[in-house]
2 protein chains.
Amino acid sequence: MALSARPVPHPGDLPHCATGNPRYGRGMQSRTPAPRTAGRPRSAAADTAILAATRDALVELGWSKLTLGDVATRAGVAKTTLYRRWAGKNELVVDAVAELFDELQLPDRGTLADDIEGVVLQFAAILARPEARNGLMAVVAESCRDDALRERIRSSIVDRQKRLVLEGRERAQARGELPPEADPEEAARTVDLIFDMVAGAVVHRTLVSAEPADEAWVHGFTRVLLTGLAGTPPG
Amino acid sequence: MALSARPVPHPGDLPHCATGNPRYGRGMQSRTPAPRTAGRPRSAAADTAILAATRDALVELGWSKLTLGDVATRAGVAKTTLYRRWAGKNELVVDAVAELFDELQLPDRGTLADDIEGVVLQFAAILARPEARNGLMAVVAESCRDDALRERIRSSIVDRQKRLVLEGRERAQARGELPPEADPEEAARTVDLIFDMVAGAVVHRTLVSAEPADEAWVHGFTRVLLTGLAGTPPG
DNA sequence: CCATTACGCTACGACTCGTAGCGAAAGCTG
DNA sequence: CAGCTTTCGCTACGAGTCGTAGCGTAATGG
């Protein structure tokens, strides 16, 4: 018969993620691919089912009314399985939401303005999905009191997308639309500033003002971002 | 002896706010000052104590771990008193946070750039307070699934501060820094756009990037907002 | 004086949380 | 194949919170 369960290594362990599975796995994703151990491997299907069920629950219930027991039922797994893989609600939702943002791309449309409009529209399309809105805002709110969670959000979501700003600037500089950067430190600050302005404006428009970031809005936003307030006479 | 308590008029009533007290009172604040009724009046001191206790609890506990029972204990009132005045956690926190933003002003500093920098710094200072961060983000997150709550946030917080953008533009136009607006509809859209860009950038910088919106950052932000990306050669 | 309303307090059922324990299933390894 | 290891589903549990009901008391106004 099975032996008694050994003490659960739950709080703060580095697990053996066979698949691209979560639980402190996203943060340090440049690890050795598989610290294999013997025994029954974790079901990869359970991971995807749980994350999908989390997004569904976010749509129907929102953050505060989402319970882990309900997610487990939706995913067809036991509640204990869920707790074996994630430390709590915050971590689960971060992983469930992070997957949504990995589809962002920066297709080359020929000009800086068109590149910006394109990626901002993609970002707006993701934020238009209720699971993205509910989940992202909730974990950001929670991260105010939880440094580990904020770092997890930053590495899983924010920093991953900052590549888009870098890529767009390089293209614009190659085209001659933007001057080359002399001071690399200043350049890094500018990248952060632009990212905050773009992401912040779209988030605020979508969530606080609660109006769609459609093509017309994105066009106006891009014009202000590129030429400034005074440079946009309505004529 | 006291009669049996009549059915609580809790969900969806228009109460009689003697003081500037909450409970659906902020949304329609242009009401007759006091629809007086007989009986013992509600304690105004209890209102202020509850709202202050809510902010304290937000600082110490954050949103998710904040319980109404705890707030009641901090405020020195009974839990039932709290439920008699607010419908739930969301409404309470909205009122507690809204008070923080009423102190925003737009002092005339002589130029549009300095006006913007001044008000953005004020906004950043408010968002630097943990009770503002925790509470605001949490209710915004919840408002994704609650239209009434979003409307309450908009009327209590957002629209009240949009006056700052209007005021700043009027001054800039009077100074000749901005051209007069021909199309009033286009002008309204521009106000909304600017508000989303300013508030969104500060919020994203403070909460997501988790770095302070200090004077250097605000200066760079203002420069981009006024002159655009291409108009800021680092030299 | 008396009707009316707010207040503090206690208690309650319902729900969620996170964990423990068990037996069974699913892999790897010799 | 047998044997070991780890995961899985299930049940149960104490702790905590929720929102409400009920009661007696305090504070106003007519």
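All chains are named by letter (A, B, ...) in the order of the sequence lines, taking the proteins before the strands, and each is independently numbered beginning at 1. Both backbone and side-chain heavy atoms feed into the values below; hydrogens, waters and symmetry mates do not.
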Between [atom2] of [N] and [atom1] of [X], the distance in whole Å:
X: B/Trp86; N: D/dT20; atom1: CH2; atom2: P; value: 16 Å
X: B/Tyr83; N: C/dC9; atom1: OH; atom2: P; value: 17 Å
X: B/Arg85; N: C/dT5; atom1: CZ; atom2: P; value: 16 Å
X: B/Ile50; N: C/dC7; atom1: CD1; atom2: C1'; value: 11 Å
X: B/Arg42; N: D/dG29; atom1: CZ; atom2: P; value: 16 Å

request  = Output all residues satisfying salt bridge (charged side-chain N to carboxylate O under 4.0 Å, His left out) with A/Lys65, sequence neighbours left out; order by chain, then residue number.
outcome  = none
ask   = Under 4.0 Å between a side-chain N or O of A/Arg40 and OP1 or OP2 of D/dT5?
value = no
Who pairs with [X] by side-chain contact (heavy atoms from CB on, under 4.5 Å), at least two apart in sequence or on another chain?
X: A/Thr80; result: A/Ala78, A/Arg84
X: A/Val59; result: A/Pro130, A/Glu131
X: A/Asp56; result: A/Arg74
X: B/Ala210; result: A/Arg150

task = Specify the residues of residues 62-78 of chain A, ordered by number, for which at least one heavy atom lies under 4.0 angstrom from an atom of DNA chain D.
result = A/Gly76, A/Val77, A/Ala78
Could you pull out all donor-acceptor pairs under 3.5 Å where a side-chain atom in residues 211-218 of chain A meets a protein atom, sequence neighbours excluded?
unit_1, atom_1, unit_2, atom_2, d
A/Asp214, OD1, A/Trp217, N, 3.1

key: No-H, no-angle donor-acceptor pair, B/Arg84 side chain to D/dG19 base, under 3.5 Å   = no
remark   = Quick note, B/Thr81 side chain, CB onward, closest among C/dC17, C/dG8, D/dT20 is C/dG8
message = Filter on ring pair (Phe, Tyr, Trp, His ring centres under 6.0 Å), then keep only pairs touching residues 194-213 of chain B, sequence neighbours left out; what's left?
response = A/Phe195-B/His204, A/His204-B/Phe195
Every protein N/O lying under 3.5 Å from an N/O of nucleotides 10-14 of chain C:
none

